[in-house]
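Below: the structure, in structure tokens.
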Amino acid sequence: MSFEIVSLRDGLFTLRDLATRETFHPGIGPIAEAEAVHLTSQKLGERIKADNDFIIWDVGLGAAANAIAALNFLVALKSPGRCELHSFERSLEPLEFGLANLDTLTYLKPWATVVRKLKSTGQVAINDRLSWRLHLDDFQALHRNVAPTPDAVMYDPYSPSSNPEMWSLDHFTALRRIMVKPATLSSYSRSTAVRVTLLLSGFYVGIGAATGEKEETTVAATSAALLDRPLNRDWLQKRVRASTNARPLPAARGPISSEDYEKLQAHPQFS
């Protein structure tokens, strides 16, 4: 795996994985996209202020843009409660590439010392109410209970085409089983297949914030009350029923089966 720097509009930069050809945060830049997709969609400011202890899972640390966007926000947030950020990643290569290009990936520069300490020790205290922990392992090993149950999940692994096991119905069903608290999960994806997979795994699913290249993203939740814009029956009929790519992942492309469509119709979100 190797990477290159990619120039975005407005003088911003990000990185691209040369093996998969996937560009990290390709729209409005790493921090702005992370803020929109994850912080805004999950209403973290409102929810953290209402909680005494808040756990965030950062799935797919990459070059730490999502994590740093969250840390910037949490440091500025005036909340008496404790927050823990848990980042999951299989390889530190993109993070190491980022640290080697601090003058270009400028969002990393103010946090370089903290990131290096996280790499070497696996955990760092940002202040007396905020900590950051690294889990360097396969995220699918959920049964290991390596982190406290999340209140919010920033879900940003490689795409379903490059990393299908992280988008499968079995995987999301296992994740939903772990998320026993009122909790949300945000993703850059807006695909019908991903949304169908989340619904069939037991999540409620809604429309997330727009980014520079997408009019909407996706936010899922363990409770309908946590969604501002839940998908409705009109979406079922016009998008799922008509789509040629609505099968739950990791099935091959194709229209949804009658059996799975009936399951969606019976979901509490649409009943």
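Sequential numbering from 1 along the given sequence is applied to the chain's residues. The analysis underlying the following values was restricted to heavy atoms, covering all of them including side chains, and did not include hydrogens, waters or symmetry mates. Quick caveat, the model's predicted, so the values are computed rather than measured.
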Could you go through the side-chain contact (heavy atoms from CB on, under 4.5 Å) check for L185 and M154 one step at a time?
CA-CA 6 Å; L185 177 151; M154 302 188 297; over 6 Å; no

Straight-line distance of I126 CD1 to S131 OG, nearest 0.5 Å:
8.0 Å

Return yes if some donor-acceptor pair links the side-chain N/O of W57 with the main-chain N/O of A147 below 3.5 Å, else return no.
no

Quick one: do L74 and Y107 end up in the same hydrophobic cluster if we chain Ile, Leu, Val, Met, Phe, Trp and Tyr together by side-chain heavy atoms under 4.5 Å apart?
yes

Donor-acceptor pair, distance only, cut-off 3.5 Å: does the side chain of Q269 make one with the backbone of V205?
yes

Mind checking whether L169 and T173 have side chains closer than 4.5 Å, heavy atoms only?
yes

Flag the pair L199 / Y204 as yes when at least one side-chain heavy-atom distance between them is below 4.5 Å, and no otherwise.
no

Interatomic distance, D156 atom CG to L61 atom CG [nearest 0.5 angstrom]:
10.0 Å

Taking every non-hydrogen atom, the tightest pair across G206 and L227:
N-CD1, 3.8 Å

Quick check against the 3.5 Å criterion: does R247 have a side-chain atom that pairs as donor or acceptor with the backbone of P255?
yes

Mark yes or no for whether Q42, through its side chain, and A152, through its backbone, hold a donor-acceptor pair below 3.5 Å.
no

Check ion pair D103-K109 (N to O, under 4.0 angstrom)
yes

Under 3.5 Å donor-acceptor, T23 side chain and P26 backbone
no

In sequence, state the C-alpha distance, the side-chain angles, and the governing distance for S162 and E22, and then conclude on side chain to side chain donor-acceptor pair (under 3.5 Å).
CA-CA 9 Å; S162 300; E22 291 198 19; 2.6 Å; yes

In Å and rounded to the nearest 0.5 Å, what is the OG1 to CG distance from T218 to L198?
7.0 Å

Over all heavy atoms of both residues, which pair between F24 and A63 is shortest? Give the atoms and the distance, please.
CE2-N, 4.2 Å

Sub-3.5 Å donor-acceptor pair from the side chain of S223 to the main-chain atoms of P182, do we have one?
no

Go through the side-chain N and O atoms of T211 and E33 and say whether any donor and acceptor fall under 3.5 Å apart.
no

Would you call R133-E89 a salt bridge at under 4.0 Å N-O?
no

Check whether any side-chain N or O of T40 sits under 3.5 Å from a backbone N or O of E35 as a donor-acceptor pair, and report yes or no.
yes

Taking all heavy atoms of L108 and all of A64, pick out the closest pair and write down the distance.
CD2-CB, 4.3 Å

Is the cationic atom of R241 (NZ for Lys, CZ for Arg) positioned less than 6.0 Å from the six-membered ring centroid of Y261 and within 45 degrees of its normal?
yes

side-chain contact (heavy atoms from CB on, under 4.5 Å) between R82 and F54, worked out:
CA-CA 6 Å; R82 283 186 50 80; F54 204 86; over 6 Å; no

Hey, is the main chain of S159 close enough, under 3.5 Å, to the side chain of N163 for a donor-acceptor pair?
no

Working to the nearest 0.5 Å, report the span between CZ of R239 and CZ of R195.
7.0 Å

Looking at side-chain heavy atoms only, is the closest gap between V240 and T192 below 4.5 Å?
yes

Would a 4.5 Å heavy-atom cut-off, applied to side chains only, mark I256 and V196 as touching?
yes

Ignoring hydrogens, what is the shortest heavy-atom contact between A69 and A34? Give both atom names and the distance.
CB-CB, 3.6 Å

How close do K119 and L95 get, heavy atom to heavy atom, and via which atoms?
CG-CD2, 3.8 Å

Before you tell me yes or no, could you show the steps for H86 and E84 under side chain to side chain donor-acceptor pair (under 3.5 Å), namely the whole-Å CA-CA distance, both residues' side-chain angles and the distance that decides it to 0.1 Å?
CA-CA 6 Å; H86 293 259; E84 296 179 17; 2.9 Å; yes

Could you check whether the rings of F270 and W235 sit parallel, tilted or perpendicular, using 30° and 60° as the cut-offs?
parallel

Please report the C-alpha distance between H38 and Y155 in whole Å, then the side-chain angles of each, then the deciding distance to 0.1 Å, and finally whether the ring pair (Phe, Tyr, Trp, His ring centres under 6.0 Å) criterion is met.
CA-CA 8 Å; H38 301 298; Y155 200 77; 9.3 Å; no

Check the pair W132, S87 against side chain to side chain donor-acceptor pair (under 3.5 Å), reporting the backbone distance first and the verdict last.
CA-CA 8 Å; W132 187 12; S87 290; 2.9 Å; yes

Would you call D228-K43 a salt bridge at under 4.0 Å N-O?
yes

Please evaluate residues T149 and I55 with respect to the criterion side-chain contact (heavy atoms from CB on, under 4.5 Å), reporting the C-alpha separation (whole Å), side-chain torsions for both, the decisive distance (0.1 Å), and the verdict.
CA-CA 7 Å; T149 303; I55 307 297; over 6 Å; no

Separation between CG of N127 and CG of L71, rounded to the nearest 0.5 Å:
9.5 Å

Specify whether F88 and H135 have parallel, tilted or perpendicular ring planes, treating 30° as the upper limit for parallel and 60° as the lower limit for perpendicular.
parallel

Backbone of T244 reached by a side-chain donor or acceptor of R253 within 3.5 Å:
no

Could you state whether L226 and V219 fall into the same hydrophobic cluster, counting links through intermediate Ile, Leu, Val, Met, Phe, Trp or Tyr residues with side-chain heavy atoms under 4.5 angstrom apart?
no

If we only count heavy atoms from C-beta on, is the R90 to L136 side-chain gap below 4.5 Å?
no

Would you check, one step at a time, whether the test side-chain contact (heavy atoms from CB on, under 4.5 Å) holds for Y188 with H25?
CA-CA 9 Å; Y188 57 82; H25 311 284; over 6 Å; no

Hey, what do you get for OG1 (T14) to CD (E4), rounding to the nearest 0.5 Å?
11.0 Å

Check this for me, if you would: do R190 and E216 make a salt bridge, where the nitrogen-to-carboxylate-oxygen distance has to be below 4.0 angstrom?
no

Testing the 3.5 Å rule here: is there a donor-acceptor pair between the side chains of W111 and N72?
yes

Nearest heavy atoms of P160 and V194, plus distance in Å
CG-CG2, 4.2 Å

S187 vs S189, side chain to side chain donor-acceptor pair (under 3.5 Å): CA-CA, chis, key distance, verdict
CA-CA 5 Å; S187 166; S189 176; 4.8 Å; no

Can you find a heavy atom in the side chain of R47 that is under 4.5 Å from one in the side chain of T184?
yes

Ion pair check, D151 and K181, cut-off under 4.0 Å
yes

Does S168 reach the main-chain N or O of L249 with its side chain, forming a donor-acceptor pair under 3.5 Å?
no

